[in-house]
Asks: 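Here it is: the structure, laid out below.
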2 protein chains.
Amino acid sequence: MELLSENKVAGGWHRRYQHDSLNTQCKMTFAVFLPEQALRGQPVPVLYWLSGLTCNDENFMQKAGAFKRASELGIAIVAPDTSPRGEAIPDDPENSYDFGLGAGFYVNATQAPYDKHYQMYSYVSDELPTLIEAHLPVSDKRAIAGHSMGGHGALIIGLKNPTRYQSISAFSPISNPVDCPWGKKAFTGYLGADSTAWQAYDACHLLRQNEGDKKAPILVDQGDADQFLTEQLKPEALEQAALAADHPFTLTMQPGYDHSYFFISTFIDSHLDFHAQYLK
Amino acid sequence: MELLSENKVAGGWHRRYQHDSLNTQCKMTFAVFLPEQALRGQPVPVLYWLSGLTCNDENFMQKAGAFKRASELGIAIVAPDTSPRGEAIPDDPENSYDFGLGAGFYVNATQAPYDKHYQMYSYVSDELPTLIEAHLPVSDKRAIAGHSMGGHGALIIGLKNPTRYQSISAFSPISNPVDCPWGKKAFTGYLGADSTAWQAYDACHLLRQNEGDKKAPILVDQGDADQFLTEQLKPEALEQAALAADHPFTLTMQPGYDHSYFFISTFIDSHLDFHAQYLK
């Protein structure tokens, strides 16, 4: 891990690191917030934050306003990138914002030419936590959260690994990607045209098939003025699946809020408080 | 005033407006945060935030994390741009980051070709507040704050207009621009080579010559790990001038903090609390 930069913030430190990833076969950059408790040698739990389309490790760290509450609660935050990066990485031939670079969708691609590098599911759920826990003063208590495409990522990674994450939350998640334009495009490109392969990365499907007794609680906030709500996000499908599966689940529709970080910054403290209950 | 966009945040609204400025002879964009109190028809006081080199109206609004406390206190925040903008506006021939576009230094330029448009002192201290108070649900209680070049701007505008601003604060201000490289370059370009003309825009000089009985209190925070501290910012000169003038003044050196918005976001609530005392 190479330290790229660090800034003191809210009594702790924001740092950016780069490392060679085995999963994505390229250099990956991630950001971490370490509260002062961690720097005093007291291992702290970690909230993994997964960002949305077009983002990298910086958006949440600069715009969410999460550090004061994370400091108070003694929680570290790790924000990975949203795809492999670099000149050698195949991008969408049409350079669209919703496929390829900046749009890894947190899946392990099976289709050439994406399968070599677009292994974001394994990177985020396995390689990155292993690296973080080996090199930084954190415990093995983990929670996962995200926004939009990253909300989808948090839901599927949390649901597929119920013993690894204590709690799951999402802002404006792509809740049912097998049934929306963003998800269909990405899953076709990364996983192929056979939609049965897509279900392993669809939160609604995972909720319905989850028969284990470990069910990490889920908190979702959604702005009702979000321009993507009806066509892309579909939180009502998620709510129905959670209800059918008797999964602990809270969805709050927030009147007047849109898809931006202004929305996230308004409610991030309540998400941190939610995770803190389960990370103790 | 043309509304460009709006986002609900922290119970209030972040809006961006564009208007034709008489002072700068071009279209100017500014951002405003209106807390919910203002939208219920209760005029609220305004904190003007002046940004630093290379910034526009967006940096503070996206990165400072100020809205929750501003909502609690019932304070609106207005963030203007840092220079005139547009293809017709003369820039630094060398396209440097510290002169010309994004670097208006909150002065009224007297030197061609900058004198026609670079009238940021009058724009920020007069035209913009008049516009805001005519069109938005705010009172005529004003405070002023800023960062780096904008900290300089807040200090000089506050000190030159002691009856218009209740209080003044700054993060990492350029405290004595007549005696640092950034200030000398900008003042030479905008005001000419005769440095006697510069003193009207130097906070240390203004403090020493202020003999009125209205002295708006000043709060300054400065990170001691700021890369610009010694060569460009010189808060000790400001402290000495305030002491000599018996001006109410508090400077806090914050250990470990740098020049970034991570620093501002850590202490912005205390600046809002400071201004709130005087805006009631």
Side-chain angles (χ1 to χ4, degrees), chain A residues 4-16 31-36 39 55 57-72 77 79 171-172 221-227 229 253-273, chain B residues 4-16 31-36 39 55 57-72 77 79 171-172 221-227 229 253-273:
Chain A
L4 301 179
S5 65
E6 64 177 349
N7 316 87
K8 191 170 181 183
V9 62
W13 290 91
H14 166 258
R15 294 180 183 162
R16 300 183 73 209
V32 58
F33 169 72
L34 289 173
E36 59 178 343
L39 303 164
C55 292
D57 66 288
E58 298 188 281
N59 305 68
F60 179 86
M61 294 299 189
Q62 295 189 358
K63 296 183 176 179
F67 302 133
K68 279 182 200 177
R69 188 59 64 94
S71 268
E72 292 163 5
I77 303 174
F171 290 86
S172 333
D221 277 271
Q222 172 65 55
D224 76 358
D226 186 324
Q227 64 179 308
L229 175 55
M253 297 299 293
Q254 300 289 2
Y257 288 90
D258 63 20
H259 201 66
S260 71
Y261 266 89
F262 292 109
F263 169 52
I264 296 170
S265 70
T266 301
F267 297 103
I268 188 65
D269 282 1
S270 66
H271 282 236
L272 289 163
D273 291 345
Chain B
L4 301 178
S5 64
E6 64 177 349
N7 316 87
K8 191 171 181 184
V9 61
W13 290 91
H14 166 258
R15 293 180 184 163
R16 300 183 73 210
V32 58
F33 169 71
L34 289 173
E36 60 178 343
L39 304 164
C55 291
D57 66 287
E58 297 187 282
N59 304 68
F60 179 86
M61 295 300 190
Q62 294 189 359
K63 296 183 176 180
F67 302 132
K68 279 181 198 175
R69 187 60 63 94
S71 269
E72 290 163 7
I77 303 174
F171 290 86
S172 334
D221 277 270
Q222 172 65 55
D224 76 359
D226 187 322
Q227 63 179 310
L229 176 55
M253 297 300 292
Q254 300 289 2
Y257 287 90
D258 63 20
H259 200 67
S260 70
Y261 265 89
F262 292 109
F263 169 52
I264 297 170
S265 70
T266 301
F267 297 103
I268 188 65
D269 283 1
S270 67
H271 281 236
L272 289 163
D273 291 344

Asks: Under 30°, 30 to 60°, or over 60°: which ring-plane class applies to Phe262(B) and Phe67(A), parallel, tilted or perpendicular?
Replies: tilted

Asks: Looking at Gly65(A), Ala10(A), Ala64(A), which makes the most heavy-atom pairs under 4.5 Å with chain B?
Replies: Ala10(A)

Asks: Could you give the distance from CG (Asp224(B)) to NZ (Lys8(A)), rounded to the nearest 0.5 Å?
Replies: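 If we round to the nearest 0.5 Å, Asp224(B):CG and Lys8(A):NZ are 8.0 Å apart.
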
Asks: Starting at OG of Ser265(A), measure out to NZ of Lys68(B) and round the result to the nearest 0.5 Å.
Replies: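 Spacing of OG (Ser265(A)) from NZ (Lys68(B)) equals 7.0 Å.
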
Asks: Ignoring hydrogens and geometry, is there a side-chain-to-backbone donor-acceptor pair from Tyr257(B) to Asn7(A) under 3.5 Å?
Replies: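 No: the side chain of Tyr257(B) does not pair with the backbone of Asn7(A).
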
Asks: So for Lys63(A), is it side chain, backbone, both, or neither that comes closer than 4.5 Å to the heavy atoms of chain B?
Replies: both

